[in-house]
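Structure, as C-alpha cells:
Count residues from 1 along the sequence. The structure displayed is predicted, hence computed values, not measured ones. Just so it is clear, the values below take in all heavy atoms, side chains as well, and ignore hydrogens, waters and symmetry mates.
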Amino acid sequence: MYCDPRFSRVREVFERQFAEGQELGAAFAVHLDGELVVDLWDGVADRHTGRPWERDTPAFAYSCTKGVAAAVLLHLAEQGLVDVTAPVADVWPEFAANGKESVTVEHLLTHQSGLPAVEEPVPVEEFEDQPAIAARLARQAPVWEPGTAHGYHALTYGFLVGEVVRRVSGKSVGELVAAEIAGPLGLELWVGAPDSVIARTARLKAADRPRSGRTGEPPSADPRAVAPTVGEEATDGGRMEDLLAQMARAALDPGSLMNRALGNPGMHLLEGGANNPVILRAGWPAAGVVTTARGLAGFYRSVVSGDILRPETLQEAMRPRVDGPDRVLFLHSSFGLGFMRPSMTFPMPSPTAFGHSGMGGSLGMGDPERRLGIGYVMNRMSSGASGGMRAPNLVQAVYDSL
C-alpha cells in the first residue's frame, strides 16, 4: 500500500472504517496532477475462502459503469459519428416506435427519455444479448413525455446508450473500452470481464438490510446516506421525511416505477446474483464494470487530463442538464451528459466534481479544478443511493488534505 504523507488523513479514515467493521474488503486510490498519491487496499476478497484482497483485486462496481459508457459515446461524438442533440432514431430507426421520434441521444444520457424500466420480463437467456434487450426498449412507449422530467434509468441507460454506440461504431461499449481506453492507457478496467479477471474478482456480500431482489441503486432510508449540503430538501426536515416515506412505500410496492427500474433484468435470478460469471462477463453499460480502485481512479485521471475526451467536451458534459426531483429515486439528482453532478444522490465536497457512484458504495469521480481522479471499490454492500458514507468520508478526507 502507498499513501503520500500529505494524505495521511485519508489512510486514517480508510483504516478506521475497517476497524469499525464497515468494510470486508476494499480499495481506494487517488491521482493528483496525474500522480498516484493514494493506493490503499485491505481485507478479504472472498469471505468464504478467506482469499485476501490484493493490490490487483478487481471488484464489480455496478453503476460506476455509466460514467465510462458516457465517455465512450462522447468520444464517438468527437469523431463525428453521433450527434448528441439529434434524435436517437437517426441512428436507430426502430427506436421511433410509440411516439419516441423526437427523443434525442442527450435524453438518454440525462435520464430524460421516459424509459427507466424494461416493461417486458427479460429472460436469463437474454442477459448477454444486449441488442435483444435494447429491442424491447425500442418497442416501448415512454412513461412520461421525454424531455419534461428525469428519473434514474438504473439499467436501461446502458442498453439505450450501448445500442447507440453499437449502431454508430459496430462495436459494444466493452469492446471500445478495451480497445481505445483501458488497453492503451493500461487501466485495470473491463466492461465485460474475461475469465482470467473473473477468477480473481472480489466476491460481493449483500447488504445486511433486505434488498427485495433489486439490482440497481435504490434510495436509502438513512438520511446520512444523501448529501447534507446540496439542495433545499436537505435543510427541510419535513420535506426529507416526506421523501423518505415515499421511497419506503415505493420500495414495498413490486409494481412501483422504482422497483421496475431497478429489478429487470434481474441479477437476482442467477445464483450468486452479481457474483455470477454471466453478469461479470455480460458487460452491461449501466452496471457491468469490473475494476480496481486504481483502474477507476486512473480512468478519471485520464478524463480530467484530456487523454480520453477533449477539455471542451468534458466541460460541456459536466454542464448540468437536469437538476431536481428524480421520478424514480424521489431525491434531488443532477446529471450532465451521463455524469452525476453534486446532489443528494452524489454527495461531493466540490461543485466541480463529476463522476458516478455504484450500488453498495463504489465510486468513481474526477475534478478538473482540483486535478483529481478518485476510485473506491469494495465488497461489503451498503444500502442507499450513495452506498452509505464510506466513499464520501474518504473523498472528504482527500479534499481536506489538499
Q. Taking atom CD of Gln79 as the centre, does the number of heavy atoms from other residues, nucleotides or ligands within less than 6.0 Å exceed 12?
A. yes

Q: Determine, step by step, whether Tyr300 and Phe354 satisfy the ring pair (Phe, Tyr, Trp, His ring centres under 6.0 Å) criterion, reporting the C-alpha distance in whole Å, the side-chain angles of both residues, the deciding distance to 0.1 Å, and the verdict.
A: CA-CA 9 Å; Tyr300 280 99; Phe354 72 100; 5.6 Å; yes

**Q.** Tyr157 and His111 aromatic ring geometry - parallel, tilted or perpendicular at 30°/60° bounds
**A.** parallel

Q: Could you grab the distance from atom CD of Glu23 to atom CH2 of Trp53, nearest 0.5 Å is fine?
A: 8.5 Å

(Q) With a 6.0 Å cut-off (strictly less than), is the heavy-atom count around CD of Glu145, excluding the residue itself, greater than 12? (A) no

Q: Would you give the length of the straight line joining atom CE of Met344 to atom CG of Leu331, rounded to the nearest 0.5 angstrom?
A: 5.0 Å

Q.
Minimum heavy-atom separation for Asn275 and Leu280, please, with both atom names.
A. O-CD1, 3.8 Å

Q | Candidate pair Glu106 and Thr104, rule side-chain hydrogen bond (donor to acceptor under 3.5 Å, both in side chains), full reasoning | A | CA-CA 5 Å; Glu106 182 174 326; Thr104 67; 5.4 Å; no

Q) Do the rings of Tyr152 and Phe335 sit parallel, tilted or perpendicular, given the 30° and 60° boundaries? A) parallel

Q) So, for Phe127 and Trp284, is the gap between ring centers shorter than 6.0 Å? A) yes

Q. Donor-acceptor pair, Arg341 side chain versus Pro351 backbone, under 3.5 Å?
A. yes

Q. Would you call Arg55 and Glu188 a salt bridge, using N to O less than 4.0 angstrom?
A. no

Q: Supply the atom-to-atom distance Asn379 CG to Leu24 CG, rounded to the nearest 0.5 angstrom.
A: 4.5 Å

Q. Should the heavy atoms of other residues, nucleotides or ligands under 6.0 Å from NZ of Lys205 be counted, would the total exceed 12?
A. yes

Q) Where do Met267 and Asn276 land on the side-chain contact (heavy atoms from CB on, under 4.5 Å) test, with the steps shown first? A) CA-CA 8 Å; Met267 295 182 188; Asn276 193 290; over 6 Å; no

Q.
Nearest 0.5 Å, please: how far is CG in Leu109 from NZ in Lys66?
A. 12.0 Å

**Q.** By salt bridge (Lys or Arg N to Asp or Glu O under 4.0 Å) - contacts of Glu119 (at least two apart)
**A.** Arg260

**Q.** Contacts of Arg139 that satisfy salt bridge (Lys or Arg N to Asp or Glu O under 4.0 Å) - sequence neighbours left out
**A.** Glu120

Q | Carboxylate-amine/guanidinium proximity below 4.0 Å for Glu163 and Arg167 | A | yes

Q. How many angstroms lie between atom OH of Tyr376 and atom OG of Ser357, to the nearest 0.5 angstrom?
A. 12.5 Å

Q: Taking only Lys NZ, Arg NE, NH1 and NH2, and the carboxylate oxygens of Asp or Glu, determine whether Arg301 and Glu35 approach each other closer than 4.0 Å.
A: no

Q.
For Trp92 and Phe95, take the angle between the two ring planes, folded into 0 to 90°, and tell me which bin it lands in: parallel under 30, tilted 30 to 60, perpendicular over 60.
A. tilted

Q | Rounded distance (nearest 0.5 Å) linking atom CZ of Phe7 with atom CG of Leu32 | A | 5.0 Å

